[in-house]
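Count residues from 1 along the sequence. Keep in mind that this is a model prediction, so the values were computed, not measured.
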Amino acid sequence: MELKKNKKKKKVKKRVKFAVVIFILVCQMIFLPIFGVALAYYGPFTNVRDVLVTTAMQTMSHKYLATWFLSEEKINEILDKYKYIIINDEPELNDIVISDKDKQGIEIVDINSGTSRGKMMIVNDPSRVTLATTSKLGEVGETLSTICKNEKAIGGINAGGFGDDGGAGIGDNPTGIIIKDGNMVWGTKEKNIQHIVGLTKDNKLAFKSQPTMSQVKNMNLRDGITFGPTLVANGSASFKGDGGTGMQPRTAIGQRKDGAILLLVLDGRGAGGSIGATYGDVRDVMLEYKAYNAVNLDGGSSSSMNYTGKTITNPSDIMGERSIVSAFIVK
């Protein structure tokens, strides 16, 4: 009889212990995130808060990660502290002397820089890099893989941006202008062009902030899109600090002084174990690889690199590759 009582007590104790463990786990699941959020936004680690705010406010659909916890005034104060301050934004294209040495070479380099990982494609012959668009421009986008396949390209990266009306993200509303094979195929009536980047007819990477349509026409572009900002101009950083844009997946295009094109994609938002990169991080990678000029392209879940028919970076979208409007491809 006593043995039965002891067994019963042990069962009760086990149930109590189990209940206590469950209770502790539930408390951790509920209160630790709350404590973490409070510490991040209201604790002494202002750098953590600033990164969270600048990252959230650059996204299309996750601004609530900042606006839920901070006032509009405080958010603007943080954004102003890290705003993009231009030092140099005028390229000297005469400094680019395209080399005839090993013009056919293409090199894929693994990038592991601080919080970000990704790939750089180095294309020695700049004439092989051209702009391609979705086959249904203005109607629906296509993945980078599809664009490369349609163009019979050896590889490429995403390029220009597009509106995300209703959060569909299908690439049906290109932003700014698109120049392809010397012709303006989109945005002919655009009045406020924030930034233009592209390759001239003599294969040099050119860019300009807030150009008029007349200035765009005088840039001698064979291929170009609206996006930016400039990261490197004439071998030097084009802005101070990190640009105040937080940690995001990033895509950029650059050119060395010998004419070689640098195509860079840095993963982010945890994809491929990479947190992401600021404008400053992308600039620093470009400078490390001897970019003489470099410009930021569309990033976020659009960031992707394709090579020999495969996606070799890690798009952050849960569905994989996102439909995009345009791409810089390698023929």
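- Among pairs with a residue in residues 174-194, none fulfils side chain to side chain donor-acceptor pair (under 3.5 Å), at least two apart in sequence or across chains.
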For this session: Apply side-chain contact (heavy atoms from CB on, under 4.5 Å) to the pair I106 and M121, showing each step before the final yes or no.
Result: CA-CA 7 Å; I106 294 177; M121 186 186 305; 3.9 Å; yes
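- With hydrogens and angles disregarded, a donor-acceptor distance shorter than 3.5 Å links the side chain of S274 to the backbone of R117.
- Tracing side-chain contacts under 4.5 Å through hydrophobic residues (I, L, V, M, F, W, Y), one never reaches L93 starting from L231; they form parts of separate clusters.
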For residues 255-264, dump all side-chain donor-acceptor pairs below 3.5 Å to protein atoms at least two apart in sequence or in another chain.
from: Q255; atom 1: OE1; to: L205; atom 2: N; distance (Å): 2.7
from: Q255; atom 1: NE2; to: N203; atom 2: O; distance (Å): 3.0
from: Q255; atom 1: NE2; to: G259; atom 2: O; distance (Å): 2.9
from: R256; atom 1: NE; to: D258; atom 2: OD1; distance (Å): 3.2
from: R256; atom 1: NH2; to: D258; atom 2: OD2; distance (Å): 3.0
from: D258; atom 1: OD1; to: A260; atom 2: N; distance (Å): 3.1

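- Between Y292 and the options V232, I96, L287, a side-chain contact (heavy atoms from CB on, under 4.5 Å) holds for only I96.
- A pairwise comparison of heavy atoms in G280 and F239 identifies N-CZ, 3.8 Å as the closest pair.
- Shown here are the side-chain contact (heavy atoms from CB on, under 4.5 Å) partners of K201, two or more places apart in sequence or in another chain: N220, R222.
- Side-chain contact between L297 and I225 is present, with heavy atoms from C-beta onward closer than 4.5 Å.
- With values rounded to the nearest 0.5 angstrom, I329 atom CD1 is found 9.0 Å from D223 atom CG.
- Under the side chain to side chain donor-acceptor pair (under 3.5 Å) criterion, N306 pairs with S145, sequence neighbours left out.
- Summarising the geometry of A252 relative to V282, their closest heavy-atom pair is CB-CG1, 3.7 Å, with the distance given to 0.1 Å.
- In terms of heavy atoms, A294 sits closest to M286 at CB-CG, 3.8 Å.
- R269 contributes atom CZ, which lies 4.5 Å from atom OG of S316 (distance to the nearest 0.5 angstrom).
- Between the side chain of N234 and the backbone N or O of E92 there is at least one donor-acceptor pair closer than 3.5 Å.
- Ring geometry for F207 versus H195: interplanar angle under 30°, hence parallel rather than tilted (30 to 60°).
- S127 pairs by the side chain to side chain donor-acceptor pair (under 3.5 Å) definition with D125, not counting sequence neighbours.
- Identified under the salt bridge (Lys or Arg N to Asp or Glu O under 4.0 Å) test for residues 207-216, with sequence neighbours left out: E90-K208.
- With rounding to the nearest 0.5 angstrom, the CG atom of N158 is 8.0 Å from the OG atom of S326.
- Checked against side-chain contact (heavy atoms from CB on, under 4.5 Å), S113 has the following partners two or more places apart in sequence or in another chain: I111, S116, V285.
- Rounding to the nearest 0.5 Å places CZ of R250 at 6.0 Å from CG of N296.
- Hydrophobic clustering (ILVMFWY, side-chain heavy atoms < 4.5 Å, transitive): V330 and I157 are in one cluster.
- Under the side-chain contact (heavy atoms from CB on, under 4.5 Å) criterion, T313 pairs with K119, V265, D267, S304, M305, T311, sequence neighbours left out.
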Which donor-acceptor pairs under 3.5 Å do side chains of residues 147-154 form with protein atoms, sequence neighbours excluded?
from: N150; atom 1: ND2; to: T146; atom 2: O; distance (Å): 3.4
from: E151; atom 1: OE1; to: K331; atom 2: NZ; distance (Å): 3.3

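- T251 is not listed as a side-chain neighbour of S302, based on a closest heavy-atom distance of 4.5 Å or more.
- Taken from OG in S303 to CG in D298, the straight-line distance is 7.0 Å, to the nearest 0.5 Å.
- Between the side chain of S238 and the main chain of T230, a donor-acceptor pair closer than 3.5 Å is present.
- Its side chain within the 4.5 Å cluster rule, M213 clusters with I177, I179, M184, I193, I196, V216, M219, L221 among the Ile, Leu, Val, Met, Phe, Trp and Tyr residues.
- In this structure, CZ on F162 lies 11.0 Å from CD1 on I178, to the nearest 0.5 angstrom.
- Partners of T134 according to the side-chain contact (heavy atoms from CB on, under 4.5 Å) rule, which considers only residues two or more places apart in sequence or in another chain, are K136, L137, E142.
- Residues Q215 and T212 share a closest heavy-atom pair of OE1-N, 2.9 Å.
- Sorted by first and then second residue, the salt bridge (Lys or Arg N to Asp or Glu O under 4.0 Å) pairs with a member in residues 280-294 form an empty list; sequence neighbours excluded.
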